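The shown structure was predicted, so the numbers you read here are calculated from the model rather than taken from an experiment. Every heavy atom of this structure was used, including side-chain atoms; hydrogens, water molecules and symmetry mates were not. In what follows, chains carry the letters A, B, and so on, assigned in the order in which the sequence lines appear, proteins first and then strands, with residues in each chain numbered from 1.
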Amino acid sequence: VAEVVSSRTRKTTDARGAAQLAITSALDCDADLVTIAMAAPVRDRSGGSTHVVAAGDRDDVASLIVETVESCGLSVDGMTPTDTPMIAGLIQSIVSDREAGIVGRLYLGEETSFFAVGEAGGLRLFRRVGFACRQLAEAMRRIHGADDETFELDLETAQSWLREHGVPDRDRVVDESRGVTGMTLRPLMQPVLQRLVTEVRQSIRFGVDEEQRSAIRIRLDGPGAGIANLAQLLEHELGLEVQGDQTVCDEFGLCVTDATRPRVGILPRAATRRRLVTTVRNRLWIGAAAAGLLLGVDALMLQGRLASVHDAVEPLRMTSDAGARLEERWRTVFHAAQTSHALENRVAATLGGQPPYAALLRIVPGLLPDSVELLAIRMQRSDDATTASAEIDGLAFTMQGRSTSGLRELIDALSELPVIESVELASVHDVEMDGGSAQQFRLALGLTAMPATLESGRMAELAAVGAGGER
Amino acid sequence: MNRSVVREIVVHGVIATAVVIGAYVLLVEPQQNALRRLDAEVARLESTARRASSDCDSDQLATTLKRVRGVAREVRDRNAFARDRAQLYDFVSELAASHGVEMGPFSPQPAQTGPDAEQLVHLRISAVGSYEQVVRFVDELTDGPGFTRIDDVLIRPVGEHDEPQVRATISTVFVAFPPNAELAAIVEE
């Protein structure tokens, strides 16, 4: 069962509600049992209102159809009410014809017929009409022949006569062998045609203002539009301009193609939910698979990057290990150098400063004037590591022929040695010698001690004394 | 919408999300962590290599090492001299003989231990010879093979000879420093 609702409302939700109410009323059932599909919301140019075409069916009927199909191992892709394409096409032709005045479209179908009136792209009237081409053919089947013999046509023959002769004139011979003429068929067709005329007339009277009725131009659509003489008959009966259309469809029956099939589907709620669940579930898993694929690609890229970093790390690790070993070696050597330095300091502290013994012993005799005789030399280191002391005991002769200034010369000569810091005459006294007299003296020398090192002591002494004089 | 439909969709959503999270945890996260660790290691290795190349001059290292080894060897060798008392006496006697100096008797004293655990061997030497011989003797003694500290030298003429003779009285200390394992290891390398 399909129902068409024309709703003048701006909001689609309002239109849907109106359609649901209308369809519930038409189907005489609860709203919960009605399945509704929106067909074609169309905006009216003149009023700005929205026309909604809705198709509905009882949910239990639709569910039964779905169960039947699914019990055969098939799945239902969609359910479209058979009238819906024709209705949608009819309304579409009216709302798209915005330039024309008030027009009527009469769709004469194989099983059902519709009548719509529109004006300037707006739908004024839509009604289901109690006419069907099959109904007309059925009416032609029981015929009283010329010899008053009654016979019954099969449906195919009746349909072929209808397609070939249409609504025949009274004197037109339809089947010469059986004496069937227009006079025979017209009375059979008359009730059906009369009902069509009546319903169209009443529809116009119901839906169109009186002053506009005479201006309606009606065009026939559908398989019935090709029935010969039907347009003329309607024009005569209605008193309006009626135009047939032989090009609408060559055959009786549904004249629906994919191009003309409207997107109207009536599926029970359970099937819709299943479809929604399936769709969402499939998309979820497709999304999950896509995410997994991306993660896999990401993992592969990471693996590649890891491999490249691994390759780079190995030589770097060798370099770093070498660097670490070098650092460790540095630390070891540095620490050893510190230890060595500490040891050198200990050596220096333990050995202390040494007076340049040998160098002084070599130099001092060379500094003695002829009048001075050496009696003893004593050198001592001190604990302060930087100084040392020496004592020189000797005799300075004062006899004739010998200089009495020898002691002074010796003191001066010693004072000029860089290693000697001070020279003091510690004591002096006259002594009598065989053949003369002399001064016995003691010189106290302050010396610069040579710091003890691990280097050659002799070379250091020579450098410190600053003279290489030997006796 | 029917509650069961919502529940079914939510269940599938949770499962799909769990699968994706599981894939991330199993496939991606470990590798990301490994990559982070590797990056950190690379940074550390680069830092170590850079620091080693900038801080450690191999020429300077070789020079320092050579010097430390030289010091360590010399200390080791000189220490050995003072530790062997017989070798020490032989050295002094041979040194005196080589310079023609007549040695008096040694007056050895017991070895002492210094404040830094060094071993101190005090020896008083009396040597008689010509002035030049004694000076050379003192000179060689100062520059002997061990750590030698001469505390006191007294030279005075002795006797009446054709050749003037002097007597040198020398107070010496021969030192042996305690062995150092670190320096020994450097020498043994």
Reported [atom1]-to-[atom2] distance for the pair [X] and [Y], which is rounded to 0.5 angstrom:
X	Y	atom1	atom2	value
A:Ile377	B:Arg156	CD1	CZ	11.5 Å
A:Met379	B:Asp151	CE	CG	13.0 Å
A:Glu314	B:Leu45	CD	CG	9.5 Å

Is any side-chain heavy atom of [Y] closer than 4.5 Å to one of [X]?
X	Y	answer
A:Val347	B:Arg78	no
B:Leu61	A:Leu326	yes
A:Leu343	B:Asn180	no
A:Thr350	B:Leu120	yes
A:Arg329	B:Leu65	yes
A:Arg381	B:Ile150	no
B:Glu41	A:Ser320	no

Side chain of [X], backbone of [Y]: donor and acceptor closer than 3.5 Å?
X	Y	answer
A:Tyr357	B:Val138	no
A:Arg346	B:Asp116	yes
A:Arg362	B:Val135	no

I'd like to verify something: which residue of B:Leu141, B:Thr64, B:Leu154 has the highest number of heavy-atom pairs under 4.5 Å with chain A?
B:Leu154
Flag the one option from B:Thr48, B:Val68, B:Leu183, B:Ile155 with the top tally of heavy-atom pairs under 4.5 Å to chain A.
B:Ile155
Using a 4.5 angstrom heavy-atom cutoff, name the option from [options] with the most pairs to chain B.
options	result
A:Met301, A:His310, A:Gln380	A:Gln380
A:Val333, A:Leu375, A:Leu306	A:Leu306
A:Arg274, A:Glu391, A:His335, A:Arg325	A:His335

In chain order, what residues pass the side chain to side chain contact (heavy atoms under 4.5 Å, CB included) check against A:Leu414, with sequence neighbours excluded?
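Partners of A:Leu414 by the side chain to side chain contact (heavy atoms under 4.5 Å, CB included) criterion, ordered by chain and then number, come out as A:Val364, A:Leu367, A:Ile392, A:Leu410, A:Leu417, A:Ile420, A:Val423, A:Leu443, A:Leu445.
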Is there any residue in residues 15-33 of chain B with a non-hydrogen atom under 4.5 Å from a non-hydrogen atom of chain A, and which ones are they?
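Heavy-atom contacts from residues 15-33 of chain B to chain A are B:Ile15, B:Ala16, B:Val19, B:Val20, B:Ala23, B:Tyr24, B:Leu27, B:Val28, B:Gln31, B:Gln32.
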Presence of salt bridge, A:Glu344 and B:Arg67, under 4.0 angstrom
yes
Side chain, backbone, both or neither: which part of A:His341 has an atom under 4.5 Å from a heavy atom of chain B?
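No part of A:His341 comes within 4.5 Å of chain B.
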Proximal component of A:Val280, with respect to chain B [non-hydrogen, under 4.5 Å]:
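A:Val280 touches chain B through side-chain heavy atoms alone.
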Mind listing the closest non-hydrogen atom pair of A:Leu351 and B:Arg149 along with its distance?
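Nearest heavy atoms, A:Leu351 then B:Arg149: O-CD, 2.9 Å.
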